[in-house]
Amino acid sequence: MLAWKKWGEGVTPQSSGKKGDHLVGDFYVKFDKEYKAEINTIIQEKLADYPLLKDVRDFKATLSGLKNKKKTKEGLNEQEIAQLKACEELSKYAENSAPLILEARDMLLKWEAKDEEVYSDWKMMNQWVYEGFDVSYKKLGVDFDKIYYESDTYTVGRDMVLEGIEKGVFYRKEDGSVWCDLSDVGLDEKLLLRKDGTSVYMTQDIGTAKLRFDDFDVDKMVYVVGNEQDYHFQVLSLLLDKIGFKWGKGLVHFSYGMVELPQGKMKSREGTVVDADDLVDEMVNTAREMSQQLGKLEGYTTEEAEEVYQMIALGALKYFILKVDPKKNMVFNPEESIDFNGNTGPFIQYTHARIQSIFRKAAEKGIHVGTEAPTHVEVGEKENNLIRTIANFPNAVAEAGKVFSPAIIANFVYDLAKEYNQFYHDCPILFEEDEDKRMMRLTLCKTVGKTIKNAMWLLGIDVPDKM
RNA sequence: GGUCCGAUAGCUCAGCUGGAUAGAGCAACAGCCUUCUAAGCUGUAGGUCCUAGGUUCGAAUCCUAGUCGGAUCACCA
């Protein structure tokens with residue numbers, strides 16, 4: 001917001017034609033860049049004040065060099081330890097005295113005091129972001145039952161922290177900041193309110209937690225947040241427990257791994273991210289090209305076909321993410337675009353489309369497929385495998401729920417599709433001459449189709465009838 | 001340094017509540033469309049399941065130690 005005020009020259013999503021979240025993201029990156037530049041300037045200026053660092057030319061390299069050496073076996077000698085300390089002191093000083101951060105803090109104070117100008121600007125920019133998000137969420141088929149805004153919950157959190165002081169579970173330092181001592185459980189002290197009285201992330205989460213438990217009569221709450229915040233949620237759970245909420249200890253932090261690029265982590269502050277909107281658009285294009293090349297959607301109107309391309313693109317993307325164990329970090333290479341063959345969403349969607357095609361053909365021949373298969377029909381190996389796999393669906397779902405892993409369902413449905421394709425390849429279905437056998441196979445197809453559809457639905461992926 | 005997580009084929013990942021020859025996909029190579037959709041199917045090649053100990057009739061799976069990689073330990077969110 002500060003960056004926008006300083007350098008934005010009043011640009012808006014409308015005037016720039018950019019999605020609101022992207023526009024604000026650009027300023028986020030801009031702020032980080034300028035802030036870092038200021039820090040560097042200050043460090044260069046102040047370097048002379050540190051006798052220990054007078055020989056240092058490249059501050060960054062020295063600091064990271066010392067840090068890395070600290071991790072090695074030989075460690076640091078006394079002089080180096082002192083140097084490292086001086087480096088850390090200096091960078092902390094620089095981080096806290098850069099004009100930009102001071103301005104930003106001032107702005108936050110004004111914001112919490114509901115200063116008119118700051119507050120209305122903030123509201124406007126917030127709106128831009130939410131509108132941008134809404135577009136993306138809608139495209140992805142994501143919706144929310146209820147949204148809590150930190151801006152509405154931080155006061156609740158602050159009141160609870162103040163209450164906590166009265167109860168004696170938190171305490172105030174001389175400078176006015178509020179802390180909780182967690183050394184009894186082997187952790188550090190945790191800041192809950194800054195000395196200027198403004199709230200921090202943790203304060204807001206305490207407030208949000210209370211509101212959520214008040215609003216919904218639940219006995220368990222699952223926080224789906226990345227594993228970089230493991231510590232945060234461990235502390236949150238302890239704090240809520242200390243404040244006296246019986247559900248404090250029962251918080252479930254569903255901690256998922258990060259998606260990394262081949263070059264390393266994505267950082268929104270540095271702008272090294274893959275944009276979901278672009279990614280989806282690209283994949284829709286791939287799906288369209290591929291489909292038109294194969295001529296699979298003849299007889300569909302343009303609108304119908306576009307719907308299918310969208311379905312395939314989203315299926316590919318969602319499946320790609322969901323098939324790996326959510327706890328693990330994963331690597332995504334945007335250069336190698338997401339595959340549509342093999343263990344992918346489109347492969348499974350394709351299997352479903354194939355099955356539906358059989359039923360279209362069956363209907364032409366006037367064959368009605370019920371839900372009951374004829375008994376006393378000989379069942380071959382492929383059919384047997386299929387039946388066994390389908391029978392395992394409830395277990396897979398239960399297990400996935402138990403361990404919070406959509407990947408289990410994804411792997412299940414991939415196995416099923418793979419086995420079905422083998423069966424499809426080896427066994428005649430409509431061409432089968434034995435009527436009972438044919439009906440048994442058709443019933444099997446029907447069940448497989450339904451199971452695929454259900455499993456994919458659990459993953460939030462639609463399946464087409466033709467592709 | 002403390003805490004936590006990870007390491008399986010060239011690459012991306014399954015398998016991990018102990019059980020038979022460790023599996024997929026991609027990439028490579030060789031096949032299969034006058035039959036229900038070839039976005040499919042079949043085959044070949046590719047592995048010290050990070051290392052060393054231990055528990056066990058049996059370990060990729062459990063335990064201990066180590067190596068490497070990541071996260072975190074902010075008056076950031």
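So that the names make sense, note that chain A is the first sequence line, chain B the second, and so on, each numbered from 1.
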With a cut-off of 6.0 Å (strictly less than), are more than 12 heavy atoms of other residues, nucleotides or ligands near [atom1] of [X]?
X         : atom1 : answer
Lys466(A) : NZ    : yes
Lys173(A) : NZ    : yes
Tyr93(A)  : OH    : no

| message | Before we go on, tell me: are the rings of Tyr149(A) and Tyr130(A) under 6.0 Å apart, centre to centre? | response |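 Yes, close enough.
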
What nucleic acid atoms does [X] come within less than 4.0 Å of, heavy atoms only: base, sugar-phosphate, or nothing?
X         : value
Phe340(A) : base
Asp465(A) : base
Met258(A) : nothing
Ser255(A) : nothing
Ile312(A) : base

Can you tell which of [options] lies closest to the side chain of [X]?
X         : options                   : answer
Asp188(A) : rA74(B), rC26(B), rG40(B) : rA74(B)
Glu228(A) : rA71(B), rG25(B), rG40(B) : rA71(B)
Val331(A) : rA39(B), rC41(B), rU12(B) : rU12(B)
Ile358(A) : rC36(B), rG40(B), rC41(B) : rC36(B)

Residue-level proximity of [range] to RNA chain B when a heavy atom falls under 4.0 Å:
range                       : answer
residues 423-435 of chain A : Tyr424(A), His425(A), Cys427(A), Pro428(A), Ile429(A), Leu430(A), Phe431(A)
residues 407-417 of chain A : Asn411(A), Tyr414(A)
residues 89-112 of chain A  : Arg105(A)
residues 194-205 of chain A : Arg194(A), Lys195(A), Val200(A), Tyr201(A)

| query | Below 3.5 Å, does any donor atom in the side chain of Asp175(A) face an acceptor in the base of rC75(B), or the other way round? | reply |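 Side chain to base: pair present.
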
| On a plain distance test, is the side chain of Arg269(A) in donor-acceptor contact with the base of rC76(B) below 3.5 Å? |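 In this structure, the two groups form a donor-acceptor pair.
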
May I ask you to say whether [X] pairs ionically with [Y], meaning some side-chain N is under 4.0 Å from a carboxylate O?
X         : Y         : answer
Glu112(A) : Arg158(A) : yes
Lys46(A)  : Glu89(A)  : no
Lys265(A) : Glu228(A) : yes
Lys36(A)  : Asp32(A)  : yes

Taking only the [atom1] atom of each, what is the distance from [N] to [M] in whole angstrom?
N       : M       : atom1 : result
rG47(B) : rA7(B)  : C1'   : 14 Å
rC29(B) : rA20(B) : P     : 34 Å
rU61(B) : rG70(B) : C1'   : 23 Å

Scan nucleotides 4-9 of chain B against the protein and return all N/O pairs shorter than 3.5 Å with their distances rounded to 0.1 Å.
from, atom 1, to, atom 2, distance (Å)
rA7(B), OP1, Lys328(A), NZ, 3.2

| Pairs counted as Watson-Crick or G-U wobble with both distances under 3.5 Å: what dot-bracket string results for RNA chain B, using | for bases tied to another strand? | (((((((..((((.....[...)))).(((((.......))))).....(((((..]....))))))))))))....

| query | side chain to side chain donor-acceptor pair (under 3.5 Å): which pairs involve residues 406-420 of chain A, sequence neighbours left out? | reply |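 Residue pairs with at least one partner in residues 406-420 of chain A: Thr389(A)-Glu419(A).
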
List, one per line, each side-chain donor-acceptor pair under 3.5 Å for residues 398-410 of chain A, sequence neighbours excluded.
from, atom 1, to, atom 2, distance (Å)
Ser405(A), OG, Ala407(A), N, 3.4

Check residues 230-243 of chain A and write down every donor-acceptor pair under 3.5 Å in which the side-chain atom is one partner and the other belongs to a residue at least two apart or another chain.
from, atom 1, to, atom 2, distance (Å)
Asp230(A), OD1, Ser255(A), OG, 2.8
His232(A), NE2, Asp205(A), OD2, 2.7
Ser237(A), OG, Gly248(A), O, 2.9
Asp241(A), OD2, Lys249(A), NZ, 3.2
Lys242(A), NZ, Asp184(A), OD2, 3.4

| said: I need the full list of salt bridge (charged side-chain N to carboxylate O under 4.0 Å, His left out) pairs touching residues 304-322 of chain A, with sequence neighbours left out, sorted by first then second residue. | reply: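 Found Arg288(A)-Glu306(A).
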
| request: Write out all pairs satisfying salt bridge (charged side-chain N to carboxylate O under 4.0 Å, His left out) with one or both partners inside residues 381-394 of chain A, taking only residues at least two apart or from two chains. | output: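 As it turns out, the salt bridge (charged side-chain N to carboxylate O under 4.0 Å, His left out) pairs with a partner in residues 381-394 of chain A, which skip direct neighbours, are Lys382(A)-Asp426(A), Glu383(A)-Arg441(A).
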
| request: Find which nucleotide of RNA chain B each of Phe347(A) and Lys361(A) is nearest to by heavy atoms, and output the residue with the more 5' nucleotide. | output: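 Upstream on the strand: Lys361(A).
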
| message | Which is more 5' along RNA chain B, the nucleotide nearest Ser177(A) or the one nearest Thr344(A)? Just name the residue. | response |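 Per heavy-atom nearest nucleotide, the more 5' residue is Thr344(A).
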
Identify all side-chain donor-acceptor contacts of residues 326-333 of chain A below 3.5 Å with residues at least two apart in sequence or on another chain.
from, atom 1, to, atom 2, distance (Å)
Asn329(A), OD1, Met258(A), N, 2.8
Asn329(A), ND2, Glu260(A), OE2, 3.4
Asn333(A), OD1, Glu335(A), N, 2.9
Asn333(A), ND2, Glu336(A), OE2, 3.3

| said: I'd like to know if the side chain of Tyr35(A) and the backbone of Glu95(A) have a donor-acceptor N/O pair within less than 3.5 Å. | reply: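 Indeed, once roles are kept as given, a pair shorter than 3.5 Å links the two residues.
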
| message | Could you go through Phe27(A) and Trp128(A), starting from their C-alpha distance and side-chain angles, then the distance that decides it, and tell me whether this counts as ring pair (Phe, Tyr, Trp, His ring centres under 6.0 Å)? | response | CA-CA 13 Å; Phe27(A) 285 108; Trp128(A) 294 351; 8.4 Å; no

| Any idea if rC50(B) is syn or anti, going by the 90°-from-0 cut? |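 Base orientation: anti.
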
